[in-house]
Amino acid sequence: MTSLRPVRGTHDLVGEDLRRQRHVIETARQIAERYGYQEVSTPIFEFAEVFARPLGETSDVVSKEMYVFTDRGGDQLALRPEYTAAMCRAFISGAFGQALPVKLFGAGPMFRYERPQKGRLRQFHQIDIEVLGAAEPLADVEVIALGARILQALGVADEVALELNSLGDPVSRQAYRSALVAYLADHRANLSADSQTRLERNPLRVLDSKDEGDRAIVAEAPLLDTYFNEESQAFFAEVKAGLHALGIAFTVNPKLVRGLDYYTHTTFEFTTTALGAQGTVLAGGRYDGLIGMLGGPQTPGIGWAAGIERLAMLLATAPESARPVVVVPVGPASELAALALAEELRAAGHVVDYGFRGKVGQRLKRAAQQGARYALLLGEDELARGEVVVRDLEQGAQEAVPRSSLAARLAG
RNA sequence: GCGGGCAUAGCUCAGUAGGUUAGAGCGCCAGAUUGUGGCUCUGGAGGUCGCCGGUUCGAUCCCGGUUGCUCGCCCCA
């Protein structure tokens with residue numbers, strides 16, 4: 001048995017799994033570009049405060065899941081557990097210029113120290129979309145639409161449903177929070193143990209508790225939208241109207257509360273029942289206070305992140321890998337000529353593999369395993385005649401083709 | 001951090017009511033076929049039965065612990 005394993009919750013990505021993930025990223029990249037989002041890539045580690053401050057010191061992500069370390073210069077750094085705060089830091093650092101809004105697309109690894117399970121890893125990958133500097137509800141609409149279009153293009157739209165909610169602006173949210181805490185405090189004794197601690201740390205989370213007793217209590221709890229001021233109501237109405245106008249189906253889930261502290265107004269989640277316990281596939285919301293919280297100029301923001309592994313698992317089929325042409329020298333005397341032929345075909349744009357050793361039979365077997373369509377056999381006889389034997393590995397038929405018409409033969 | 005399931009060949013898995021050399025299919029290597037894969041046949045390599053300890057004359061099998069994987073809780077993409 002192997003003694004050297006990848007670190008728990010990390011995986012080597014190869015073959016079909018890698019192709020699935022690349023397909024997810026490429027699809028998202030193309031569509032984001034079509035919507036006018038620019039691709040950016042930020043460092044995978046940052047000063048730890050970049051995440052600790054906006055996410056909240058008491059949040060699980062910061063208090064128990066972040067990979068934090070001190071570097072040789074004594075700085076407290078963290079492997080990024082999410083993209084949004086890092087994007088905002090880059091914005092404050094001046095990476096994206098001054099013209100607002102900026103529309104950003106990114107994809108890459110994130111790190112959280114958690115118990116791995118289906119659809120959850122310690123190093124996982126996310127696609128990230130952010131719009132910074134747009135306070136308009138139509139920005140929320142576009143951002144959600146972009147997510148919906150990507151899910152459609154991936155062919156997973158039927159597996160997924162959009163849930164939408166609003167937390168209201170900070171004033172409304174705070175008013176509601178007080179009312180909720182007061183209500184829950186009256187029922188504290190009947191709440192589950194988890195929800196009693198939620199009540200201390202993040203009372204809104206009690207709303208989406210899975211515990212049945214909690215659900216009964218929550219059913220009677222005050223409703224968020226009754227605490228909305230006019231502005232919050234109008235904002236939410238515009239987002240919903242925009243989604244209707246674009247034909248994007250959603251259901252309002254008044255108990256949809258995103259976990260991270262920085263959300264205001266719109267929150268949303270695309271979820272599936274096809275992935276076991278980790279149903280959330282793409283989720284985000286508006287975070288108008290985040291950039292200010294980080295010490296930047298008050299700038300509104302809205303965005304989402306999608307789990308690449310989760311999307312890759314939903315893909316019905318894996319993309320095919322390129323089918324190579326394999327060049328096979330017959331006998332040692334033709335090796336160099338065969339290698340030169342391979343180079344020539346590569347220069348012409350073909351995917352060409354050249355094995356380094358083995359008898360003709362072994363090389364052909366290998367070529368078939370690689371999924372090659374053609375094997376090109378080149379021996380002394382063919383060299384002398386200026387020909388190449390083109391063997392169709394699917395049909396089993398082969399024919400000698402003059403070098404001059406080889407390109408045309410392979411094209412057909 | 002808490003709970004359940006699983007751990008035998010490269011892969012998927014069988015097995016021994018505790019007993020001498022632990023099996024299959026697929027894969028791998030070689031040969032039949034010294035310039036031809038996929039079919040067929042023959043032969044071969046490959047295992048500290050996850051690890052440590054206990055019970056026993058004897059443990060891959062029973063018991064305890066441990067590690068890993070996996071699924072769930074918390075939390076989240």
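Below, chains carry the letters A, B, ... as their sequence lines are ordered, and counting in each starts from 1.
In the set B:rG35, B:rG27, B:rG72, the nucleotide with an atom closest to the side chain of A:Ala277 is B:rG72. Comparing B:rG35, B:rA77, B:rC74 by their closest approach to the side chain of A:Glu382 singles out B:rG35. When distances are taken from the side chain of A:Asp60 to each of B:rG31, B:rU36, B:rC74, the shortest belongs to B:rC74. Closest contact between the side chain of A:Arg5 and the listed nucleotides B:rG68, B:rC28, B:rC73 involves B:rG68. In the set B:rG38, B:rC75, B:rC71, the nucleotide with an atom closest to the side chain of A:Lys118 is B:rC71. The side chain of A:Arg115 sits closest to B:rC71 out of B:rG35, B:rG31, B:rC71. The side chain of A:Lys210 lies closest to B:rC74, out of B:rA77, B:rC74, B:rG37. Set against B:rG35, B:rG37, B:rA77, the side chain of A:Asp381 has B:rG35 as its closest nucleotide. The nucleotide whose nearest atom lies closest to any side-chain atom of A:Arg120 is, among B:rC69, B:rU36, B:rC75, B:rC75. The side chain of A:Lys365 sits closest to B:rC29 out of B:rC29, B:rG35, B:rA30.
A sub-4.0 Å separation between OP1 or OP2 of B:rG37 and a side-chain N or O of A:Gln370 is absent.
Using a 4.0 Å heavy-atom distance criterion, A:Leu378 is classed as making no nucleic acid contact. Using a 4.0 Å heavy-atom criterion, one finds that A:Gly396 contacts the bases of the nucleic acid, with or without backbone contacts as well. No contact: A:Arg366 has no heavy atom under 4.0 Å from any strand. If you check every strand for non-hydrogen atoms under 4.0 Å, A:Glu309 touches nothing. The residue A:Gly331 sits apart from the nucleic acid: no heavy atom pair falls under 4.0 Å.
A:Tyr113 carries A:Arg122 over the face of its six-membered ring, with the cationic atom under 6.0 Å from the centre and within 45° of the normal.
The interatomic distance linking A:Glu82 (CD) with B:rC75 (C1') rounds to 14 Å, in whole Å. Going from atom CD of A:Gln117 over to atom P of B:rC69 covers 14 Å, rounded to whole Å. Regarding A:Arg198, its CZ atom lies at a distance of 9 Å from the C1' atom of B:rC75, rounded to whole Å.
Contact of the A:Trp304 side chain with the A:Val143 side chain is registered, since non-hydrogen atoms from C-beta on lie closer than 4.5 Å.
Contact between A:Arg8 and A:Pro116 at its shortest, heavy atoms only, is CG-CG, 3.7 Å. Between A:Tyr83 and A:Gln126, the shortest heavy-atom contact is N-OE1, 4.2 Å.
Residues A:Tyr176 and A:Tyr227 place their aromatic rings such that the two centres sit under 6.0 Å apart.
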